[in-house]
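All remarks here apply to the structure that follows.
Keep in mind it's a predicted model, so treat the numbers as computed, not measured.
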Amino acid sequence: HQGNCMFKICKSRIVAVVAFALVVTTSISIYHIQSQKKEQATAVKLREIQQRLVAKNAVSARLSQAEKMLVSGEFDTALPIIREIAEAGDARAQHDLGWAYYQGIGLEKNYVQALSWFTKAAEAGDKSASYYVGEIYYNGFGTVEADKEKAIIWFKRASESGVKEAAQYLDKIEKLE
C-alpha cells in the first residue's frame, strides 16, 4: 500500500516536471519566433533604407552632373534636370534653380521665381537659401516688394544656421534703425 502512494507522489512529480518542461519549451519557442519576426522586420527596414540611399546617391550624382553642365554653359541640358530634381523636393536642386533665376543663368532673371525656389530650398533645410530669401525681400528686387520684416526673419534664420553674410546684413539693418 505504501509503495502505491510513493508511485502516486512520483507520478504527480513527473507530471509536474513534464508540464513545467512543456511550458518552458513553449516559451522558448515563442521567444524564438518573436525574435525571428523582429529580425525579419529589421532586415526589411534595412533593405528599405539601403534602397533609399542608393536612390538618393543616384539623384545626387545626376544633380552633380547637371551642375557641371550648368557651369560649362550647357543650360538647355542642365536646367531641365535641375528643375526635375528640384520639383521632386531636393533642397540643393531648389537652391540651384533659385540661383539660376536670381542670376539669369540660362534663364531670364526672375526674382519672383528665385524667391519661390530659394524659399522651398530654405524650408527643405538649405542654409544659404534663407540668406537669399532675406536679400530679395530686403532689396525688393524685380517685382518683389521690399519687406524689411520678412527680410529680418530670413536673415536671422540664415545667421542662426551659420551664414556669415546674413549676420552682416542684420548688423547693417541694426545700424540703420
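Listed by chain and residue number, His95, Asp126 satisfy the side-chain hydrogen bond (donor to acceptor under 3.5 Å, both in side chains) test with Ser128 (two or more places apart in sequence, or in another chain). Taking Ser27 as the reference, nothing meets the side-chain hydrogen bond (donor to acceptor under 3.5 Å, both in side chains) condition, with sequence neighbours excluded. Every residue meeting the side-chain hydrogen bond (donor to acceptor under 3.5 Å, both in side chains) condition with Tyr169, not counting sequence neighbours, appears here in chain and number order: Asn139. In terms of the side-chain contact (heavy atoms from CB on, under 4.5 Å) criterion, residue partners of Val112 (sequence neighbours excluded) are, by chain and number, Asn110, Thr143, Val144. For Ile33, the side-chain contact (heavy atoms from CB on, under 4.5 Å) partners two or more places apart in sequence, or in a different chain, are Lys37. Residues passing the side-chain contact (heavy atoms from CB on, under 4.5 Å) test with Ile28, sequence neighbours excluded: Val24, His32.
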Could you give the side-chain donor-acceptor pairs of residues 99-107 under 3.5 Å, partners two or more places apart or in another chain?
unit_1: Tyr101; atom_1: OH; unit_2: Arg83; atom_2: NH2; d: 2.5
unit_1: Tyr102; atom_1: OH; unit_2: Glu135; atom_2: OE1; d: 2.2

Using a 3.5 Å cut-off and no angle test, enumerate the donor-acceptor pairs between side-chain atoms of residues 149-167 and protein atoms at least two apart in sequence or in another chain.
unit_1: Arg157; atom_1: NH2; unit_2: Ala122; atom_2: O; d: 3.1
unit_1: Ser161; atom_1: OG; unit_2: Arg157; atom_2: O; d: 3.1

Atom pairs and distances, side-chain donor-acceptor, residues 84-94, under 3.5 Å, sequence neighbours left out:
unit_1: Glu84; atom_1: OE1; unit_2: Arg62; atom_2: NH2; d: 3.1
unit_1: Glu84; atom_1: OE2; unit_2: Arg62; atom_2: NH1; d: 3.1
unit_1: Asp90; atom_1: OD1; unit_2: Arg92; atom_2: N; d: 3.1
unit_1: Asp90; atom_1: OD1; unit_2: Ala93; atom_2: N; d: 2.9
unit_1: Arg92; atom_1: NE; unit_2: Glu67; atom_2: OE2; d: 3.0
unit_1: Arg92; atom_1: NH2; unit_2: Ser64; atom_2: OG; d: 3.0
unit_1: Arg92; atom_1: NH2; unit_2: Glu67; atom_2: OE1; d: 2.9
unit_1: Gln94; atom_1: OE1; unit_2: Ala121; atom_2: N; d: 3.4
unit_1: Gln94; atom_1: NE2; unit_2: Ala86; atom_2: O; d: 3.2

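Going from atom OH of Tyr137 over to atom NZ of Lys148 covers 13.0 Å, rounded to the nearest 0.5 Å. Distance NZ/Lys172 to CD/Gln168: 10.5 Å, rounded to 0.5 Å. Interatomic distance, Tyr111 OH to Tyr132 OH, rounded to the nearest 0.5 Å: 12.0 Å. In this structure, CD in Gln65 is found 8.0 Å from CD in Glu74, a value given to the nearest 0.5 Å.
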(request) Could you walk me through whether Asp96 and Trp117 pass the side chain to side chain contact (heavy atoms under 4.5 Å, CB included) test, one step at a time? (result) CA-CA 8 Å; Asp96 290 347; Trp117 286 108; over 6 Å; no

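The stretch residues 49-91 participates, sequence neighbours left out, in no ring-ring contact (aromatic ring centres under 6.0 Å, His included) pair at all.
Contact check for Met69 versus Ile81: side-chain heavy atoms found under the 4.5 Å cut-off.
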